[in-house]
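Notes for the one structure printed next.
In this text, all values refer to a predicted model and were calculated from it rather than measured experimentally.
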Amino acid sequence: MAEVKIPAVARTEFGKGAARRTRRAGLVPAVLYGHGADPVHVSLPGHETLLALRVANALLSISVDGATPQLALPKQVQRNPVKGTIEHVDLLIVKRGEKVSVEVPLVVLGADERADRIVVMDQQTIVLEAEATHIPASVEIDVTNLEIGDSIAAKDLNLPEGAVFPGEPDDLILSITAAKTQEQLDAELAGSGDEAEAAPVEAAAEAE
């Protein structure tokens, strides 16, 4: 994964009021920590940070006040639930060659190839141990040739070179089930209609 260079400015003001002023200036409050160093409170450029964090586990090269850049991973990102803007970021300092634990999205290929089956995802993401500078953006699962009743476990995944799944090999990732026929859907719809009609009748009977 390519490094994204982000210039940062050290913050000397703290608290909610200072954070609001930082955001009004188009900046994002952040904390840089890890490897035994004291946490450093910084401000990041809002637009560049938003673009960089569109990618899961973006590897950032952070230069604070023009100092030597440090590699960092976003560990916690707070977003505005309405605007979608980033309100705060916790950044973990990492070193080249070291292993880190990250949550990686699972991407299913071929799910819509056949209408007679449904792909049931037991997990949407997977935790992997990978080198800080070689974190995969996602793990792809091709279900094109899977039949109804088949399943994929962690041991079946084609992980990128250097990435390791630290959990149980038999952890279920997804399974294939039969899609309901139109007749089954119609029957369920009719059944729900019968229940809805029965409810007022039962209520009237109880009132008598």
Within a strict 4.5 Å, meaning less than it, do heavy atoms of the V77 and L53 side chains meet?
-> yes
Where at least one partner belongs to residues 58-102, residue pairs that pass ring pair (Phe, Tyr, Trp, His ring centres under 6.0 Å), sequence neighbours excluded = none
Can you list the residues that meet the side-chain contact (heavy atoms from CB on, under 4.5 Å) rule with E131, with sequence neighbours excluded?
-> T133, H134
Are any side-chain N or O atoms of R11 and backbone N or O atoms of V40, one a donor and one an acceptor, separated by less than 3.5 Å?
-> no
Taking E129 for its side chain and F165 for its backbone only, find out whether a donor-acceptor pair lies under 3.5 Å.
-> no
How would you list all residue pairs meeting ring pair (Phe, Tyr, Trp, His ring centres under 6.0 Å) that involve residues 53-74, not counting sequence neighbours?
-> none
Side-chain contact, heavy-atom cut-off 4.5 Å: D90 with P74?
-> no
Drop me the distance from T177's OG1 to L174's CG, to the nearest 0.5 angstrom.
-> 10.5 Å
4.5 Å side-chain heavy-atom contact, Y33 and I93 = no
Joint hydrophobic cluster, V28 plus V9, side-chain heavy atoms closer than 4.5 Å | no
Identify the heavy atoms of V31 and P39 that sit nearest to each other, and give their distance.
-> CG1-CB, 3.9 Å
Who passes salt bridge (charged side-chain N to carboxylate O under 4.0 Å, His left out) against R54, sequence neighbours left out?
-> none
For T12, side-chain hydrogen bond (donor to acceptor under 3.5 Å, both in side chains) partners two or more places apart | none
Please report, to 0.1 Å, the donor-acceptor pairs under 3.5 Å made by any side chain of residues 97-104, with sequence neighbours excluded.
{"from": "E98", "atom 1": "OE2", "to": "H35", "atom 2": "NE2", "distance (Å)": "2.8"}
{"from": "E98", "atom 1": "OE2", "to": "K95", "atom 2": "N", "distance (Å)": "2.5"}
{"from": "K99", "atom 1": "NZ", "to": "G162", "atom 2": "O", "distance (Å)": "2.6"}
{"from": "E103", "atom 1": "OE2", "to": "T125", "atom 2": "OG1", "distance (Å)": "2.6"}

Do L60 and V94 belong to the same hydrophobic cluster, where Ile, Leu, Val, Met, Phe, Trp and Tyr are linked whenever their side-chain heavy atoms lie under 4.5 Å apart, directly or via other members?
-> no
Nearest heavy-atom contact between G110 and T144 is CA-OG1, 3.7 Å
Following the transitive rule for hydrophobic clusters with a side-chain heavy-atom cut-off under 4.5 Å over Ile, Leu, Val, Met, Phe, Trp and Tyr, establish whether L146 and V139 coincide in one cluster.
-> yes
What pairs meet the ring pair (Phe, Tyr, Trp, His ring centres under 6.0 Å) rule with one or both residues in residues 36-84, with sequence neighbours excluded?
-> F14-H41
Drop me the distance from L159's CG to L128's CG, to the nearest 0.5 angstrom.
-> 5.5 Å
With sequence neighbours excluded, what pairs up with E87 under the side-chain hydrogen bond (donor to acceptor under 3.5 Å, both in side chains) test?
-> N80
Determine all donor-acceptor pairs shorter than 3.5 Å in which one atom belongs to a side chain in residues 61-70; sequence neighbours excluded.
{"from": "S63", "atom 1": "OG", "to": "A67", "atom 2": "N", "distance (Å)": "3.4"}
{"from": "S63", "atom 1": "OG", "to": "A67", "atom 2": "O", "distance (Å)": "2.6"}
{"from": "D65", "atom 1": "OD1", "to": "A10", "atom 2": "N", "distance (Å)": "3.4"}

Give, for atom CG of L91 and atom CG of L71, the distance between the pair rounded to the nearest 0.5 Å.
-> 11.5 Å
Please name the pair of heavy atoms, one in A30 and one in L44, separated by the smallest distance, quoted to 0.1 Å.
-> CB-CD1, 3.8 Å
If you take all heavy atoms of I173 and A153, which pair is closest and at what distance?
-> CG1-C, 3.7 Å
Heavy-atom closest contact (G84 atom, L50 atom, distance) | O-CD1, 4.0 Å
Tell me whether L32 is reachable from L27 by hopping between hydrophobic residues (I, L, V, M, F, W, Y) whose side-chain heavy atoms are closer than 4.5 Å.
-> no
Rounded to the nearest 0.5 Å, the CD1 atom of I148 sits from the CD1 atom of I118 at a distance of 9.5 Å
Measure the OG-CG distance between S138 and L106 for me, rounded to the nearest 0.5 Å.
-> 8.5 Å
Does anything in residues 21-46 pair up under salt bridge (charged side-chain N to carboxylate O under 4.0 Å, His left out), and if so which pairs, sequence neighbours excluded?
-> E13-R21
Is the shortest heavy-atom distance from the side chain of S43 to the side chain of P29 under 4.5 Å?
-> no
Can you get from M121 to V143 by hopping between Ile, Leu, Val, Met, Phe, Trp and Tyr side chains that sit under 4.5 Å apart?
-> yes
Any salt bridge (charged side-chain N to carboxylate O under 4.0 Å, His left out) involving residues 70-84? Give me the pairs, sequence neighbours left out, ordered by first then second residue.
-> none
Output for pair (I141 CD1, I152 CD1), nearest 0.5 Å, gives 6.5 Å
Salt bridge (charged side-chain N to carboxylate O under 4.0 Å, His left out) pairs, two or more places apart, involving residues 147-176 | R114-E147, K155-D170
Between A137 and A56, which heavy-atom pair has the shortest distance, and what is it?
-> O-CB, 4.4 Å
Sub-4.5 Å side-chain heavy-atom contact between V4 and I6 | yes
How about N145: does its CG atom have over 12 heavy atoms from other parts shown lying under 6.0 Å from it?
-> no
